[in-house]
Amino acid sequence: MNTKYIFVTGGVVSGLGKGITAASVGRLLKNRGYKVAIQKFDPYLNVDPGTMNPYEHGEVFVTDDGAETDLDLGHYERFIDENLTKNSSVTMGKIYSNVIDKERRGDYLGKTVQVIPHVTNEIKEKIYSFEDKEIDIVITEIGGTIGDIEGISIIEAIRQVGLEKNPEDVLYIHVTLLPYINGSNEIKSKPTQHSVKELQSLGIKPNILVCRTELEIPENIREKIALFCNVRKTSVIQNLTADNLYAVPLLLEKEGLGREVCNHLRLDNYVPDNSEWQEMIDNIKNIKAEDKVKIAIVGKYVKLEDAYISVIESIHHASYKNNVTPEIELIDCETITENTVKEKLKDVDGIIVPGGFGNRGIEGKIETIKFARENKIPFLGICLGMQMAVVEFARNILGLKDANSAEFSESTNNPVIHIMEEQKNINKKGGTMRLGSYPCIIKKESLAYKVYNKEKIDERHRHRFEFNNDYKKKIEEAGMICSGTSPDGKLVEIVELKNHPYFIAGQFHPELKSRPNRPAPLFVELVRFAKEHKHKNN
């Protein structure tokens with residue numbers, strides 16, 4: 001079978017769920033036995049989101065091979081349950097950088113370098129990079145909204161793909177908005193018509209329209225959209241807001257999206273096996289509303305949920321496994337002090353201190369960790385959260401009152417977290433980062449071993465600073481165990497407390513590998529102990 005290509009574009013406004021649509025299509029095709037890959041093209045000129053503020057762009061999702069990517073890749077991985085790579089995240093910054101590098105090397109043989117064909121060829125090269133890799137179908141989401149000036153070259157490139165490949169091998173899905181106007185009590189199709197007209201003016205005729213709506217689409221509106229947008233009525237797919245994110249593939253299946261994709265691409269595996277996914281959704285629906293646990297995420301980017309989207313989703317995955325409904329409270333660590341911590345965290349059943357960069361809110365995180373330690377509240381520290389757990393322990397148990405991370409204090413006499421010697425001379429921003437998947441060896445008889453039930457694990461990292469081994473002996477003697485290390489023993493990966501029901505922290509980001517059908521073990525156990533904590537206190 002030839003490699004098939006699906007392109008997902010969006011119109012009218014951003015935030016309609018192009019990423020969830022692309023991920024859902026991937027799940028529906030995987031349920032039909034096809035090998036799928038998903039990639040995202042972002043029109044911005046940053047080379048990757050790694051240096052962007054989380055308030056600008058949400059979380060940075062990291063792949064196994066160490067690419068700093070858009071958060072949509074997290075949705076892709078969670079839905080299709082496949083580990084993606086750097087090939088799945090492409091920005092126009094990366095494209096232009098490659099083109100300029102080639103021009104400087106003389107690869108273009110002195111020709112005038114232009115958007116067409118040089119930039120568009122570079123884009124197509126990324127699209128075609130999945131060929132000959134046992135991939136049946138490549139799904140490509142185009143970031144931004146149709147009409148954005150920075151995305152036009154991407155649209156032109158995918159138009160050319162439609163000419164270069166067989167018609168039955170390329171499919172264009174356009175995600176658009178059907179707003180409901182209260183005054184006239186009707187759904188309006190005009191924004192969708194204008195968006196499709198804009199796309200057609202750029203040379204692309206969409207084959208399927210996925211219409212985001214809060215209400216059922218009446219038959220007459222569906223017919224009108226089909227007529228004015230030049231698509232079949234069966235290709236106008238309703239996308240109602242779902243109660244649960246993971247129900248979206250099944251809702252779109254019911255609407256006929258899988259059928260329409262198969263028809264257009266002439267796919268033989270017409271009948272899906274959605275039973276496993278359906279069973280998962282049924283189990284979620286059967287969780288009793290009164291079975292709840294309250295989990296606090298104490299961080300500094302709490303005004304934007306997308307900044308912690310993988311952590312939030314991991315709590316949901318773990319809650320499904322434990323048959324509870326999570327109440328997730330995002331708490332600004334800058335509001336937590338010695339005087340406010342008790343009030344802020346008085347009724348939580350579990351606490352997560354997530355990753356981050358910079359010293360803002362650090363003291364609030366340390367107060368939070370102290371509160372979790374002293375009050376035996378189930379606690380999970382992630383990356384910076386692990387480092388601050390070490391700092392808190394050094395200050396309040398070892399009595400090293402100035403203990404700190406060298407990231408935040410160069411003058412401290414006790415840098416329990418520091419940058420490793422071999423990294424000190426690398427000045428390029430990001431050059432010192434430990435990015436991607438690294439192995440960790442877990443001590444038997446430890447809490448970490450009970451959580452993972454194996455000796456060797458692989459987790460994804462995104463950080464510069466490490467546990468300072470000069471303090472390891474003192475810290476372990478006082479009751480904080482370094483239960484996971486790199487295979488050579490030089491890097492501490494997991495710390496945990498002896499006399500605590502569940503106090504564990506990892507230098508890595510376990511949330512990045514959590515899936516709704518395969519939740520991250522550290523989160524599963526956090527929620528399990530949070531459930532026990534709630535029952536004890538009731």
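Everything quoted here is computed from the prediction, not taken from an experiment.
In this structure, Arg78 is not positioned above the aromatic face of Tyr76 in the sense of NZ or CZ being under 6.0 Å from the six-membered ring centre and within 45° of the axis.
In this model, a donor atom of one side chain and an acceptor atom of the other lie less than 3.5 Å apart for Thr340 and Thr337. Residues Gln507 and Gln387 bring a donor and an acceptor atom of their side chains to less than 3.5 Å of each other.
Within 6.0 Å of CD in Glu186 there are more than 12 heavy atoms belonging to other residues, nucleotides or ligands.
For the pairing with Arg212, the side chain to side chain contact (heavy atoms under 4.5 Å, CB included) check across Thr176, Leu178, Thr241 returns one residue only, Thr241. Ile297 pairs in a side chain to side chain contact (heavy atoms under 4.5 Å, CB included) with only one of the listed residues (Ile328, Leu380, Val302), which is Ile328. Paired with Leu250 under the rule side chain to side chain contact (heavy atoms under 4.5 Å, CB included), one option of Glu255, Gln278, Met280 passes, and it is Gln278.
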Original post:
What's the verdict on salt bridge (Lys or Arg N to Asp or Glu O under 4.0 Å) for Lys285 and Glu279, showing C-alpha distance, side-chain angles and the deciding distance?
Top reply: CA-CA 10 Å; Lys285 285 179 179 173; Glu279 187 183 344; over 6 Å; no
**OP:** Using the side chain to side chain contact (heavy atoms under 4.5 Å, CB included) rule, take Lys454 and Ile442 through it: C-alpha gap first, then chi angles, then the decisive distance, then the call.
**Re:** CA-CA 7 Å; Lys454 52 184 174 181; Ile442 297 174; 5.9 Å; no
**OP:** Could you go through the side chain to side chain contact (heavy atoms under 4.5 Å, CB included) check for Val236 and Cys211 one step at a time?
**Re:** CA-CA 7 Å; Val236 179; Cys211 302; 4.0 Å; yes
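Remark: His500 engages Phe503 in a ring-ring contact (aromatic ring centres under 6.0 Å, His included) (not counting sequence neighbours).
Within the 4.5 Å cutoff, no side-chain heavy atoms of Ile295 are placed close to those of Val348. Between Ile382 and Glu511, the closest side-chain pair of non-hydrogen atoms falls below 4.5 Å.
Taking each heavy atom of Val60 and Pro49 in turn, the nearest pair found is CG2-O, 3.5 Å.
Ion pair Asp64/Arg460 flagged as a salt bridge, since at least one NZ, NE, NH1 or NH2 atom sits closer than 4.0 Å to an Asp/Glu carboxylate oxygen. Comment: Lys94 does not engage Asp48 in a salt bridge, judged by the lack of any side-chain N to carboxylate O separation of less than 4.0 angstrom. Under the 4.0 Å criterion applied to side-chain N and carboxylate O atoms, Arg515 and Glu77 are assigned as salt-bridge partners.
Residue pairs meeting the side-chain hydrogen bond (donor to acceptor under 3.5 Å, both in side chains) criterion with at least one partner in residues 371-384, sequence neighbours excluded, are Arg373-Glu392.
Between Phe79 and His75, the ring-plane angle classifies as perpendicular under the 30° and 60° cut-offs.
For Phe61 and His509, the ring centers sit 6.0 Å or farther from each other.
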